[in-house]
Amino acid sequence: MTTTASAFDVSPELKRDLQRVFTPALGAGILLSIASIVGAIYSPGDFFHSYLMGYLFWLGLTLGCMGILMLQYLTAGAWGIMTRRTLESASRTLPLCALLFIPVAIGMPWLYDWAHPDLVKNIYVLRHRAVYMNPSMYIGRAVLYFVVWGIVMYFLNKWSLEQDEKGGMEKRLAKLSAPGLLIYVFTISYATIDWAESLENNWFSTIWGFLFVAREGLAAFAFVIIVMALLSRREPLASRFKPAHLHDLGKLLLVFVMLWAYFEFSQLVVIWSGNLTDEIPWYLHRFATSWGWLGVMLIVLEFIVPFLMLLSRPLKRNATALCCVVGLIIFMRWVDLMWIVMPQYYQRGFRLTWMNIVVPASIGCLWIAVFVWQLQKRPLLPLLAPNLEKALEHGE
Amino acid sequence: MNEAGVYGMVAEFGDATTLVEAATAIKQQGYRQMEAYTPYPIKDLHEIIPGSNFVPPIVLVGGLIGAATAWGMEYYIAAIDYPINVGGRPLYSWPMFIPILFELTVLFAGVFAFFGTLALCGFPRPHFPLFNLPEFSGATSNRFFLCIERGDLLYDSESTASFLQSLNPIGVWEVEDI
């Protein structure tokens with residue numbers, strides 16, 4: 001097996017394929033964005049609700065990939081070396097996500113009760129929280145999160161590039177990843193409390209941050225599997241990414257599915273057994289109306305079905321079959337975010353508008369365009385990673 | 001040929017690679033009842049000599065029994081034997097059953113996996129015919145053995161022995177079934 005610099009570069013055929021994704025994604029992103037802006041003028045409420053949902057989905061992929069990137073530096077293993085470049089490319093969509101936060105900040109009055117001074121005056125709990133939960137603090141904290149994530153992302157990518165050139169950076173990357181993961185979990189907790197948990201005035205959940213880490217980890221890992229399956233159709237990965245590698249990713253996906261279900265159930269069972277008036281409204285809005293069907297869908301299609309299917313060894317070694325399960329999980333992540341965000345605004349029951357689909361898709365197309373663009377910038381395997389040979393042998 | 005009282009024909013090989021090559025050749029020759037004895041698991045061997053693997057179904061059955069036990073026990077205790085009104089919740093409060101249900105599923109599955117594996121391996125079994133071969137004690141430290149069992153349709157003391165001799169073994173022995 002050669003480890004010369006050119007061997008792992010994106011091959012011309014792959015470059016052509018990626019270009020075929022990039023141009024339509026960018027085009028569709030721009031068109032859908034225009035459609036979304038038209039929608040925003042016509043019905044700003046719908047637009048911002050859908051935007052928050054879509055934003056949390058795509059930002060979740062970026063941050064989830066960054067978290068897994070740090071995780072693999074700490075755990076080592078062939079899977080981490082094979083997926084590292086995909087994870088890095090996804091983490092480099094962070095500047096786009098920071099830019100896309102602006103509409104969320106503009107949409108605050110449509111999104112959050114605490115952004116309305118008259119409501120804050122009348123609702124005790126909002127008045128009590130107003131010192132922390134007010135528009136300027138909200139924006140200030142968001143800037144802080146993005147600066148922190150940006151610093152971590154910058155060094156993860158910079159040192160990995162230096163590793164390709166002269167090697168010997170693995171230890172330093174691991175030393176960044178350990179505190180990086182810790183910071184990641186804390187900032188995600190604060191950020192998702194700001195952005196999603198504060199939708200409901202009378203509610204709090206202590207596992208919320210961890211739950212979002214699991215949600216984002218699951219979505220990101222599913223995304224990575226799809227990307228790896230597609231990349232492995234062409235060189236340089238066609239001859240190197242083997243069923244054994246895919247099998248490992250499938251096993252880890254099963255772990256993420258179980259972790260997510262475990263956290264989700266923990267939150268439910270604690271609140272259900274407590275049955276206190278200031279804890280249950282969130283679930284009442286999401287289970288007592290027709291939104292409840294989405295909740296049932298989550299249990300069946302994001303946990304039971306993928307769990308049972310991922311037990312199978314042949315399925316995890318077959319790219320097409322695994323991608324079907326992964327596709328289901330990614331779709332259910334979208335359903336989950338819909339279930340988290342939308343019942344807050346439509347408390348009478350299920351409602352789906354064209355913007356619920358178009359607005360997240362517009363963010364997604366732009367995100368994918370940036371991701372594909374970034375993916376072409378580096379060799380698809382980390383050249384001088386200490387365990388590269390071992391990771392490649394793992395597939396033999 | 002007097003084959004009564006024979007367990008099989010054993011060949012010892014110098015390393016894992018020769019053993020895998022020999023096993024492939026033996027399989028191509030048409031032998032089916034073959035077993036390998038090696039000090040550590042050899043990756044490719046699993047595909048040449050696939051063992052019948054009943055562990056997953058046994059674990060599944062164990063898990064289901066565990067789940068049913070937990071559910072039945074909790075329902076019996078909470079709703080029939082000692083019903084208590086806890087904060088107005090229904091007696092059959094199934095969300096609260098799930099943690100115990102999970103624990104017992106895992107416990108039973110684990111116990112079934114452990115004892116199922118032992119049973120499938122034929123344990124407890126104080127004696128095994130290959131122990132008649134003094135060299136065989138090295139199979140747990142540094143020696144590699146293949147055994148063609150007498151039950152195989154192609155088994156024949158002379159031709160099987162000469163075939164095994166052609167595969168570069170360290171030695172070939174016919175082992176008695178005592």
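Only this structure's heavy atoms are used, side chains among them; waters, hydrogens and symmetry mates stay out. Chain letters run A, B, ... following the sequence lines, proteins first and then strands; every chain starts at 1.
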Inset, instruction - Output all residues satisfying side chain to side chain contact (heavy atoms under 4.5 Å, CB included) with Val326(A), sequence neighbours left out; order by chain, then residue number. - result: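 Residues passing side chain to side chain contact (heavy atoms under 4.5 Å, CB included) with Val326(A): Ala222(A), Ile225(A), Ile226(A), Leu253(A), Leu322(A), Ile330(A).
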Legend entry - Phe102(B) atom CZ: more than 12 heavy-atom contacts under 6.0 Å: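 Incorrect, the count does not exceed 12.
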Legend entry - Residue Phe210(A) excluded, over 12 heavy atoms near CZ under 6.0 Å: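 Open: at most 12 neighbouring heavy atoms sit under 6.0 Å from CZ of Phe210(A).
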Legend entry - Inter-chain contacts: residues 270-283 of chain A against chain B, heavy atoms under 4.5 Å: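 From residues 270-283 of chain A, the residues near chain B are Trp272(A), Ser273(A), Gly274(A), Asn275(A).
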Inset, instruction - Sort out for me which of Pro95(B), Pro56(B), Gly88(B), Ser93(B) touches chain A most, counting heavy-atom pairs under 4.5 Å. - result: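 Sorted descending by pairs with chain A, the first entry is Pro95(B).
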Show me the donor-acceptor pairs within less than 3.5 Å that the side chains of residues 62-77 of chain B make with the rest of the protein, sequence neighbours left out.
{"from": "Thr69(B)", "atom 1": "OG1", "to": "Ile65(B)", "atom 2": "O", "distance (Å)": "2.6"}
{"from": "Trp71(B)", "atom 1": "NE1", "to": "Tyr92(B)", "atom 2": "OH", "distance (Å)": "3.4"}

Considering only distance and modelled atom types, tabulate donor-acceptor pairs under 3.5 Å from the side chains of residues 106-116 of chain B, sequence neighbours left out.
none

